[in-house]
Visitor: 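The structure follows.
Since this is a predicted model, take the numbers as computed values, not measurements. Each chain gets a letter, A, B and so on, in the order its sequence line appears, and its residues count up from 1.
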Amino acid sequence: MTSVVWILQFILTPALSPLCIGVIKKMKARFQNRVGASIFQPYRDLWKLLHKDETMSRDASWIFRFAPYIVFTVTLVVGASIPLFALFPSHIMSSDMLMIIYALAIGTFFLALAGLDTGGAFGGFGSSREMTLSALAEGGFVFSLLTIALMSGTTNVFSIAGSGVLAQGQYVLPVFLAFIGFFIVLLAETARFPYDNPATHLELTMIHEAMILEYSGKRLALMEWASANKLLIFSAMGANLFFPFGFAVSVDPQAIIMGIAILFMKLFVFCFVITLIESSMAKFRFFRLPDLLLISFILNAVALGLIYSL
Amino acid sequence: MELFIIFAAFIVATIISSLVKQRGVVEFFSVAASAIGLFGALRVALQVAATGSYTPVALLHVDALGAIVLLVIFCVGFVAAIYSIAYLRMETSKNIIGVTRVRQYFILFNLFSLAMLLAVTANNPIFAWIAIEATTLSTAFLISFYDKPSAIEAAWKYLIINSIGLLLGFFGTLMYFTSVIVSDGGAFMSWQALAASAAGLDSLIAKIAFIFVLIGYGTKVGFVPMHTWKPDAYSKAPNPIGALLSGALLPIAFITLLKFKSITDAVVGPQFSQQLLIVFGTLSIVVAALIMLNAKNYKRLLAYSSIENAGLMALGFGFGGMGAVAAILHLIYHSLVKGVMFFSSGNLLLKYHSAKIGKIKGALSVLPTTSVLFIAGFLVVTGVPPFGMFVTKLQILSAGIQAHPAVSIIALAFMALIFISFLKHSTAMFFGEPPKDVVHGEGGIWLLIPPVLLLAVIIMLSFYIPPFLASLLHDAAALY
Amino acid sequence: MFALLASPTGILALFSFFFVGALGSLLTRKYDTLANAWSSTLAIMGCIWGLLVASAVMLSGATVSFGVGRAVLPILVISFHSDMLSAFFIFLISLIGLLCSVYGIGYIKHYYGKYDIGVLGFFYNVFILGILLVVTAGNGMFFLIGWEVMSVASYFLIVYDRHEHDNVKAGFLYLVMTYIGTTFIVVSFLLLYKYTHSFDFEVIKHSIALVPASVKNAVFVLATIGFGIKAGIVPLHIWLPTAHPAAPSHVSAFLSGVMIKVGIFMMIRLFLDVLQPIPLWWGAVVLMTGAISSLLGVLYALTEHDIKRLLAYHSIENIGIILLGLGSSLIFTSLHMLPLALLSLVAALFHTLNHAIFKSLLFLSAGSAINQVHTRNMEKYGGLIKYMPYTAFFFLVGSMAISALPPFNGFFSEWMTYQSLFQGIMLSDISIRWMFISAAGALTFTGGLALACFVKAFGIMFLARPRSAEVSHAKESSLSLLIGMGSLAALSLLFGVFSGRVVLLLEKIARGFTIFQSTESYITISNSQAISVNNGFASISGVTFLGIFILLLAVVGIVVRFGVYRRQQLRVGATWDCGTDLAPRMEITATGFAQSIVLIFKGILKPSIQHEIEYQDSETRYLPKSRTVILGIGDVYQSYFYQPLRKIVTLLSLRTKHIQSGNVNTYISYIFIALVIALLTIL
Amino acid sequence: MTTLISQLLLEIVFGTIVFLHITKKNFSMVLAYALQSLALSAILLGSFFETGNMPLMLIALFELLVKVFLAPIFFIKLIQKHEVPFSTSTYLNTPLSLIVIAALTFIAYSKKFLPLSSIVASHQALLALALAAMFLSFFLIINRKGALSQIIGILSLENSIVAFSIFAGLEQSPALQLGIIFAIIIWLIIARVFMSMIYKHFGSLDITAMKHLTD
C-alpha cells in the first residue's frame, strides 16, 4: 500500500496542476460573465501540443533543446518533496526548505537561459525581467519559510506541516504576516497578476511568456506544464504549511481519499483568491514591483523578529 | 702592519696617477691600491675578531666597529674603482670629459680613500677631525667634476655646509678636552684616554659637547635639518663617487659620532644621547619620505634614501639593545645596496643621458640587466624580505616598540610611504614603451659586474653571516 | 611512507620542488618551450607532493613544527608549524596549483616570443612557494617574509604583460594596497611582541593573558584591516577588480581562488586560536563586514561588462560569505556556544574550499574564451557555445556552482552558512538576533543577485548569435586547458554530491583548534551522505537529490521522446523577429540585461547613464542613425576616500619640498636654528 | 700675561667681527680679518711668555705668517684679478643686523650659557666674549650674500673657536695646532680655487645666483 502512496505523491502534482489552471480560467471567465472553456481544456491543449510538429530557431544551442526537460523535472522533484495529502513520506532527503528554494532556482536559471538562447529581443527582455524579480523575491521566500521553520524547530517541510505548533494560538500574528509575505512571493514566482499577465503576449509587459515564445510542439507543452506545476507547488506549500490540518494519518485508502479531498478544497480556495486578484487589480508598472517585494521581505523580517519577543 | 701597506699603496697610487700620463697605468694602480686596501681590511677584521682590537702604533687604533666600517669602505671602494674605469671609459668615448680630467679623477679618488682610511683608524679625535676635513676637501672637487654651473653650485654648497658642520664638531671635540687636566700628555689624547678622563667632565658640559658633535658630524651623516647639501652633491657627483659618499663616508661620520656618544654615555648615562638620536632619526625618516614622494631626479631619490636609512640607523642606536646590533648590520647592507643602486643608475645615465625620471621610459626592454639590478636594489633598500634589510628594519622597530611605540609606528608608516614613492618612480622608469631613438642593449660587461658583485654579497649576507663578522657585530654593539 | 610525508623532510621537500622550479626556469630562459615545460612540470610535481603531504597531515592529525638554523638576529627564527588548518590550506593551494599549472602548459603558449617565459615560470614558482611559506610559518617574522615574497611575486606576475599600460597601473595599485596592508599587520605583530616579547604564535598564544584588553582590540582592528585588504573586503577592495584581470588567466585563477583566502587563513588562526578569549563585538564587526561585502560585491558585479572584473567582484562577494561564517563562529565562541562555533567554522572552511574550486574554474574558462576572442568586453561576445562547446559547458558548471544551485558544491557550503545564521537567529539577545537576521537577509539577496549576474554572464557570452566577427574565428582550446577545467568541474560536482564526507573531514580539521578540542559536534553524517545539523533541525543529501533528479529526468525524457508520438518533424527556421531581418544588434546586451537591477539599486550604485545619438542629417536632427547608451558606475570609494587621501599626502610632500629652497644661507640658518633649539632644551 | 691685555686683544677680535658685519667693501673685510688674526697670534704670544715652552712660540709665529700675511694676500690678489671691490649686500639691512648682533651677544652673556663660560672661573668674562664672537661669526655667514664674505665668516668662526679654546685652558699640543693650521691652509687654497670657478661660471661672487638646485 505504501508504494501506492509513493506513486500518488509523485504523480499528484503533474496530474492536478492543469486542473488548477482550468479552474482559474473558468472562474475568470465567470467574473467577466462569459461561459469560458471547460476546466479540463488545459489537458486537451497539452495533449494537442505533445502531438504537433516543432519548429526551432537556427541559433538555438543544446540548452534551448534540453531546458524544458530540466525545468519540468525540477518541478516534479519539488512537487514530490512537499506535503500534499499525507505527512508520512517525510524521509525523502530533498524536502529541506532551502533545497526546495534553490531547486526552483535551477528551473528559473534554465528558463532564463533558454529565453536568451534564441537571440530574439523578446527572450532577452523576458529573462532580464524574470531574473530581476526572482532575485528580489528570493529574500521574502526564504524568510517566510524560515519564520514557520523556526517556530516549529525544523526546516524539513514535512515536519513543519506536522508539527502543529501553529495550532496553539501563541504565534497567530507572525504566521499571518509570514503568510501575507509568502502569498506576495507566490504571485511573483508563478508570474501571476500584479507582476505579469499570463494571458497576454504584449512585448512591453510579458515576462514568463516572453521566455517560452520560441518554443513549439512538445517542448512548449512541457514548459506550460512546468509553470502549471509551479503554481500548484506554491499553492500547496501555502496551504499545507500555513494551514496544516486535514492530512491523511494512516495508509488505508479511506484516509488517503479524505486527504486528497481536503487538498482539493484548499487548492480551490487558493485558486479563487488568485482569480479574485486577477479580475479586480490592474498589473503594476515594472519598477513598482520591487517595492512590493520589499514589503514582503520586511513583513517576513518583522514576523521573524516577533517570534521570540512574544 | 697591514695599515702601513695600505697607506703606502694609496700614496704610491696618488703619486703615480699625478705623474704618469698613460691612462691604463693610472687605472691599474688605483684598482691595485683599492684591492690591497680590501685585502688589508679583511686581515685587520680577522685579527680584530680574534684579539678584540688592533693597534699597530699609538696613533692608529681599530676596534670592532672600526674594522666593520673599514671592511665596508674598501669593499665599496674596490668595486667603485673597477666601475669608475668602465664608467669613465664610456664617458670619454662619448667625449663628455678629456683624459686629463680622468687623471684628476683618480688622483682625488685615491686621496679620498686615503683620507677615509685615516679617519677610521686615527686614534686621536683631532686627527679624525682633520682626516674628515680632508675627505670633504677631496670630494669637493670630485663633485664639481663635470665643470657645469650646477656642479659648481653643488660643490660650493657641499664645501660651505660641511665646513661649518665640521667647525661645530671641532668645537664639540674641544669641549670634551676640557676634562683633561692640563699636562704635556695632552699631545696625543687618544680615544681611550679621553674616555678614561671623562669622569672629570662636568655633566652639563658633556651634554653641550655632545650636542655640538651631533650637529657637527650629523651634517656629515646627513640628519634632516643639516641634510640640505646631500641631494645636490649626490645628483651632481659622478655615480661611483655618489656610491662612495653614501656607502663609505656616511658610516665613517656615523661611527665618529658614536665614539663621542659612548663617552657622553659614560658621564651622563645613555638616555640623553638616545633621546637626541631618536629625535633626529624620526625627523630624517619623516622629511625624507615626504620629499621622495615626487622627486623628479632619480639620483636625488637615492640621496633621500640615504638620509632615510641614516635616520633609521640613528633610531636603531637610539633604541639600544638588539636595535644597536641590527643598526650596524643595517649599515653594512645599506652601504652595499647603495653601491648597487648608484652603479645601475649610472648605466641608466650613460644610456639615457638624463637623470630626470620623466625622460626614462621602458628601461626594462632597453637595459634589461641594469633594470633588474635597480629593481632588486630598490626592493633591498626599502626593506622587502627575503633580503636582510627587512629583518634589521623589523629588529630595530621591535626594539623600539618596547619603550617608544609611537615613534616606531610613525617610522614604519613613513617607511611604507617611501616604498610607495620608490615603486611609483621605478614603475614610471622601467615599464612602458621605450623612446624610439634609444638603441637597445647594455653598455658593457664591466659596467654590470660591479653591481652584480655587490648584490651577490648582499644576498649572501642576508642568509649567511660569516662567524668572524658575527663576533665583530656583537663586540661592536657591546661597545656602543 | 606516511610518516615521511607528515614530517619536516616532507615539508622541506615541498618547498624544494618550487625552489628548483624557479631556478630552473630562470636558467632555461632562452628557450621558451623548455622553460615552460620545466616550470610547469616542477609546479605540478610540487603540487602533487603538496597534496600528499597535506592529506597525510590531515589524516594523521599530527602537527608538524620544527625550526631550521639559527640566524644572527634573534627575531629571525625560521620555524615551521603546520597543524590541521595549515594542512587544509596546503591541500587547497596544491589542488588549485596543480590544475592551474596543467592549464598553464597550454595557456602560456600564446606568450611565446612576446615575453620571457622563464621569468613567468620563475615568479609563478616563487609565488606558490611564498603562499606555502605563509601557511606553514611558525612565527610572525617568518610569516611576514612569506607574505611579502608572495605579494612581490604576484606583483611581477600582474605586470607581466607590461606593454599594456593599465596592467602596470593595476599592478602598482595592487602592490601599494598590499604594502599598506602589510604595514598594518606588522604594527599588530609589533604590539603583540611588545607584551609577549616574542613573534612565535605558540608563545603568544600561551602568554596572551599579558596583553591588556585595549591592545588586543587594537590588534584586532589592525589585523582586520591588514588581512581585509588582502582578502578584499568592501571598503578596501579597490585593487582587486583591476589587479586580478591584469594577470595571465591561470595566475588570476590562482590569485582569486587561493591568495585572497590566505588573508582568511590568518584571520582564523589569529582570532580563533592565538587571541582567544575574544569579546563579542569582534564577531559582530566581521559579520557585518561580511554582509556588506557580499551584497555590494554582487551589486558591483552586475554593473560590470568586463568578464574578469565581474569574476573579481564575485570573489569579493564570496569572501563576504566566508566572513559571514567566520563572524558567526566568532560570536558563538564569545558566547561560549562552542558546538555552534564549530558548525559555522566548518561552514566558512567548506565555502573557502568550494569557492577556490569554482572561482578558478570560472577564471580558467573565461581565460580560454578571452584567449580566442582577444577581448574582455562581454558586449563583443555571443554564440560562443557553438564554437567552444567544452569551455561553454565548464563555464556553465562554474556559474551553477557559484550561484549555489543544488547538485554543485556552492549550494552545500552556502546551505551550511545559512544553518549557522539560522542558529544565530535563535539566540536570545535581541541586538545579536537582529544582526543575524540582517546578515541572513544580505545572504539571500546576494544569492538571488548572483543567479541573475551569472545568467547575464553565461547568456551574453555563450548563447544566441555572435556580436562581433572575432567570435566566429574562435576554436576550442587545446587539451591541457580542457583537462584543467574539466577536472575542476568534476571536483565541483564531486564535492557537492559527497559533501557529507567533506564536511566530516573539515570538522576534524576545525577540531585542530584548542578551543574546539572537546566540543561535541552538531553535525551528523548519515550513511546516505545526508548532513543533518543540530540533531535534525535541518538535513540535506546531495546524493538523493541528484538520484531522484536524474531518475525523473530519464523517465520524462523517455516518455516524451518515445512514449507519446514518435513521428514529429523538426523544422529549423529563423528566430521570430516580427518580420524584420535578424541583426546581432537586436540581441540584449549585458548593460541592457542588468539595467533594471541597477536602476532599482541606484541609491547604492549611483549609476550615470549617457545617451549618444547620431543623427542622419545634422540640421534637422530628426532621424537618429544610431543610439548608444553608456551605463557608468562612479567608484564611490575612490572619489570619497582614496583620492582625498592621496591629495593630502601630495600636498604635504610639496610643502616639505620647500625645505630644499636652493639658497645656501637658508641651509646654514637651518643648522643654526637646530643648534640653538638643541642647546635651549638642555640649558 | 694679565687678563687686561688678553681682554683687550679679545675685544679687538670681537670688534673686527662687528666691523665685518658693517663694511661693504671686500678689501676692508680682508684687512679686518688680518687684524683679527694678528690679535689672536698676539694672545698666543702672550701665553708663550707665561708658560715659556718653545713650540708655542713656533705656532704663534707660524700662525702669524699664515693668517696675517698669506691669506689676505691670497684674497687681495683674487679681488684685483676679478675686480670685485664691493661685496654684495646682506639680507638684513645694517640697523636690523646690529639689533641681532646685540641680541646674540646678550644670549652669550646670559646665565643660560654660564656653564660654558665658567669652565675656567677666572676667564669667565673672556670665555663669554669668545662665545659671543662665535655666534656673531655664525650670523655673519648667514647674513652675507657674497662668496668671499662667507669664506671670511668661516675663518673668523675658526679664529673665535681657537680663542675660546686658548682661554678655556686647552693649550693643545703643538703638533695638533700645526695640523689644524695645515688644514686651514689647504682649505684656503681650495676656497680660493672655488671662488675663481664661481666667478668663471656665474660672472660674480654673489651666491644668490646659485638657486637652481631645488629639485
Visitor: Please classify the contact between A:Leu222 and chain C as side chain, backbone, both or neither, with a heavy-atom cut-off of under 4.5 Å.
Guide: side chain
Visitor: Check whether A:Leu136 gets within reach of chain C through its side chain, its backbone, both or neither, counting any heavy atom under 4.5 Å.
Guide: both
Visitor: Report which part of C:Glu414 has an atom under 4.5 Å of a heavy atom belonging to chain A: side chain, backbone, both, or neither.
Guide: side chain
Visitor: Pick one of side chain, backbone, both or neither for C:Phe411, based on which atoms fall under 4.5 Å of a heavy atom in chain A.
Guide: side chain
Visitor: Side chain, backbone, both or neither: which part of A:Ser127 has a non-hydrogen atom closer than 4.5 Å to chain C?
Guide: both
Visitor: Does any heavy atom of chain A fall under 4.5 Å from the side chain of C:Phe408, the backbone, both, or neither of them?
Guide: neither
Visitor: Between C:Leu451 and chain A, with a heavy-atom cut-off of 4.5 Å, which part of the residue counts as in contact: side chain, backbone, both or neither?
Guide: both
Visitor: Against chain C, label A:Phe64 side chain, backbone, both or neither, depending on which of its atoms sit under 4.5 Å from a heavy atom there.
Guide: neither
Visitor: For A:Phe141, is it the side chain, the backbone, both, or neither that has a heavy atom closer than 4.5 Å to a heavy atom of chain C?
Guide: neither
Visitor: Indicate yes or no for a side-chain donor-acceptor contact from C:Arg465 to the backbone of A:Gly119 under 3.5 Å, with no hydrogens or angles considered.
Guide: yes
Visitor: Parallel, tilted or perpendicular, judged at 30° and 60°: which one describes the rings of C:Phe393 and A:Trp62?
Guide: tilted
Visitor: What part of C:Leu551 is in contact with chain A, defined as an atom under 4.5 angstrom from a non-hydrogen atom: side chain, backbone, both or neither?
Guide: neither
Visitor: Where does A:Leu146 contact chain C at under 4.5 Å (heavy atoms): side chain, backbone, both or neither?
Guide: side chain
Visitor: Answer with side chain, backbone, both or neither: which region of A:Arg65 has an atom nearer than 4.5 Å to a non-hydrogen atom of chain C?
Guide: neither
Visitor: Is A:Phe72 in contact with chain C via its backbone, its side chain, both, or neither, using a 4.5 Å heavy-atom distance?
Guide: side chain
Visitor: Is a side-chain N or O of C:Lys386 found less than 3.5 angstrom from the main chain of A:Asp59, in a donor-acceptor match?
Guide: yes
Visitor: Which answer fits A:Phe66, side chain, backbone, both or neither, if we ask what part of it has an atom under 4.5 Å from a heavy atom of chain C?
Guide: neither
Visitor: Which atoms of C:Ala440 come close to chain A, meaning under 4.5 Å heavy atom to heavy atom: side chain ones, backbone ones, both, or neither?
Guide: both
Visitor: So for A:Tyr102, is it side chain, backbone, both, or neither that comes closer than 4.5 Å to the heavy atoms of chain C?
Guide: both
